[in-house]
Asker: 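Sending over a structure as structure tokens; questions will come in a sec.
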There are 2 protein chains.
Amino acid sequence: MTAKRSRMSAKDRKTVILDVATGLIATHPWEDVTVAQIHEAAGISKGGFYHHFTSKEDVLTAVLMRLADASTAAGQAVYERSEGGPVARFTTFLAATARWELAHADQIMGVIRIALREGNEPILLKLEQEAQRRATPLMRTLVRAGVEQGVFDVVDVEMTVDLLQRAWRLRWVVLAEARQRCAAGDLSGGRALLEQRLQLEERMTSRLLGCTNTPVRMPDPEEFADFLCSA
Amino acid sequence: MTAKRSRMSAKDRKTVILDVATGLIATHPWEDVTVAQIHEAAGISKGGFYHHFTSKEDVLTAVLMRLADASTAAGQAVYERSEGGPVARFTTFLAATARWELAHADQIMGVIRIALREGNEPILLKLEQEAQRRATPLMRTLVRAGVEQGVFDVVDVEMTVDLLQRAWRLRWVVLAEARQRCAAGDLSGGRALLEQRLQLEERMTSRLLGCTNTPVRMPDPEEFADFLCSA
DNA sequence: CTTGATTACCGACCGACCGTCGGTATGTAA
DNA sequence: TTACATACCGACGGTCGGTCGGTAATCAAG
């Protein structure tokens, strides 16, 4: 029997439901999560749940959109007000993206925990596709600008952007491992792992872009120092 | 009421079950396929079905393994008996892979149809991961051989192999579209699409491998002529 | 040829789960 | 005060995956 009814606004109640659903997904594969678990954790009845969401799948979609929001970089705003040539703007874009990601590291680590949980591969796929769908237009713009100014020599803009995102996709997994090493006392090992990863991504990015003069630079490893030392 | 019992060997019955399951997956998302549909299409009872498979998920795993088998190239055997330097062996590997794939085009088209059906994203992900898991060791060997002989200049062997597979992954989708154009009467358009795709992959492959002297060559478009003109 | 063992197969049944629907309770505007 | 809108309730129905006690078919041993 649910407690005496407690009425909330629709918006607040949806937020509560999505919060508990996200928590459940972090500890169980989505297929094993039941509507009963979600509505009980949210403190409402099943009918109350179905008043806000049309189906279990509807909840998953909403959770994914929220998670994708968390992983979307703030690069667009930075790009629009950045200066310099395409290489400088690309480097600025990468630095801004990294700063935004570090500012939201808890959310991103939460997303990674969910997405990499065994049984959540469908969620991982959808998240990567959504993140890629959002990032691709700006990245194509940046790459085309570089091609037009003759500082990038790419084989194909679309394929290059796709491969760039693929090359960068494991960064936060490596960051998580680097932080674990630091937490275990191996500070130099953790920092080395991070530096190696950024160097690797930087060289692969320059290779894919075919930088003819100055290479595109990945963010300074010092930007990640606080993250490595946290929790 | 099922017809009078017809007894088959376990092996044959499993094959029938997997055949009908694969057919169902090609026309419905896996989630919508029921055990009832599978055992009815196989002409046995539910208990008969569970005698051969421990669960619905067990069937999916078996179907995926069969599909992965279909998409594994015969490159290993060809590599082991190929001659010449690393560039020649890599080119031979690519040509042999393409020939094997063309010889099994129906199976591959069937796999693509299944994997790209909306709702089958989890299957697509698993298939890609399994195909990649199988192809990676040989590809790494080929790339390392080239690095050691100084004809490849790669940023990182593991990341390069990963990106190569990513660069190649849409080839059969493009092939399917090229064939559709030919079937619709646009022969030159279909051939042009194929040639563009192979050129793009060839240039990206050379970029990723950092070919210092001769480039790695993709298979000759003429090898695909029969496929383009078939049904 | 009979018997016992093995195994392919059957279908009634059960429990878990998703989603519905007729209802109540709460809040707000007229 | 009343009517309306809407957040919420929980009993219920239907579907599905899987189980289990059984039968039928096949084969090997005596």
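Order of the sequence lines sets the chain letters (A, B, ...), proteins ahead of strands, with each chain counted from 1. Keep in mind that the numbers below use all heavy atoms, side chains included, and drop hydrogens, waters and symmetry copies. Please read all numbers here as calculations on a predicted model, not as lab measurements.
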Asker: Reckon B/H51 has a side-chain N or O less than 4.0 Å from the OP1 or OP2 of C/dC9?
Answerer: no
Asker: Would one find more than 12 heavy atoms of other residues, nucleotides or ligands at under 6.0 Å from atom NZ of A/K56?
Answerer: yes
Asker: Counting distance only, does the side-chain N/O of A/R140 pair as donor-acceptor with the main-chain N or O of A/E158 below 3.5 Å?
Answerer: no
Asker: In this structure, are over 12 heavy atoms from other groups packed under 6.0 Å from B/D106 atom CG?
Answerer: no
Asker: Quick check: are there more than 12 heavy atoms from other residues, nucleotides or ligands sitting under 6.0 Å from CD of A/Q129?
Answerer: yes
Asker: Nearest whole Å is fine: how far is D/dA25 C1' from B/I44 CD1?
Answerer: 16 Å
Asker: Would you say CZ of A/R166 has more than 12 non-hydrogen atoms from neighbouring residues, nucleotides or ligands within 6.0 angstrom?
Answerer: yes
Asker: Hey, is B/E121 close enough to A/K126 for a salt bridge, meaning N to O under 4.0 Å?
Answerer: no
Asker: Could you state the atom-to-atom distance from CG of A/L60 to C1' of C/dC18 in whole Å?
Answerer: 15 Å
Asker: Using a cut-off of 6.0 Å, state whether more than 12 heavy atoms not belonging to A/R191 lie near its atom CZ.
Answerer: no
Asker: Is the phosphate of C/dT7, meaning OP1 or OP2, less than 4.0 Å from a side-chain N or O of B/R7?
Answerer: no
Asker: Which pairs, with at least one residue in residues 154-186 of chain A and sequence neighbours excluded, count as a ring-ring contact (aromatic ring centres under 6.0 Å, His included)?
Answerer: A/W172-A/F227
Asker: To the nearest angstrom, how far is A/F53 atom CZ from C/dC18 atom C1'?
Answerer: 16 Å
Asker: Check whether any side-chain N or O of B/H52 sits under 4.0 Å from OP1 or OP2 of C/dC9, and answer yes or no.
Answerer: yes
Asker: Over how many whole Å does the gap from B/F49 atom CZ to C/dG11 atom P extend?
Answerer: 17 Å
Asker: Are there any protein N/O atoms within less than 3.5 Å of an N/O atom in nucleotides 15-17 of chain D, and if so, which ones and at what distance?
Answerer:
| unit_1 | atom_1 | unit_2 | atom_2 | d |
| --- | --- | --- | --- | --- |
| D/dG17 | OP1 | B/K56 | NZ | 3.3 |
| D/dG17 | OP2 | B/V35 | N | 2.9 |
| D/dG17 | N7 | B/K46 | NZ | 3.2 |

Asker: Would you kindly give the CG-to-P distance between A/D12 and C/dG27, to the nearest whole Å?
Answerer: 14 Å
Asker: Let me know the distance between NE2 of A/H39 and C1' of C/dA16, rounded to the nearest Å.
Answerer: 13 Å
Asker: With respect to A/E128, which candidate in A/R169, A/R134, A/R133 satisfies the salt bridge (Lys or Arg N to Asp or Glu O under 4.0 Å) definition?
Answerer: A/R169
Asker: What is the separation between atom CE on A/M8 and atom P on C/dG27, rounded to the nearest whole Å?
Answerer: 13 Å
Asker: Bend across the helix from C/dC1-D/dG30 to C/dA30-D/dT1, to 10°, with axes taken over 5 pairs at each end?
Answerer: 10°
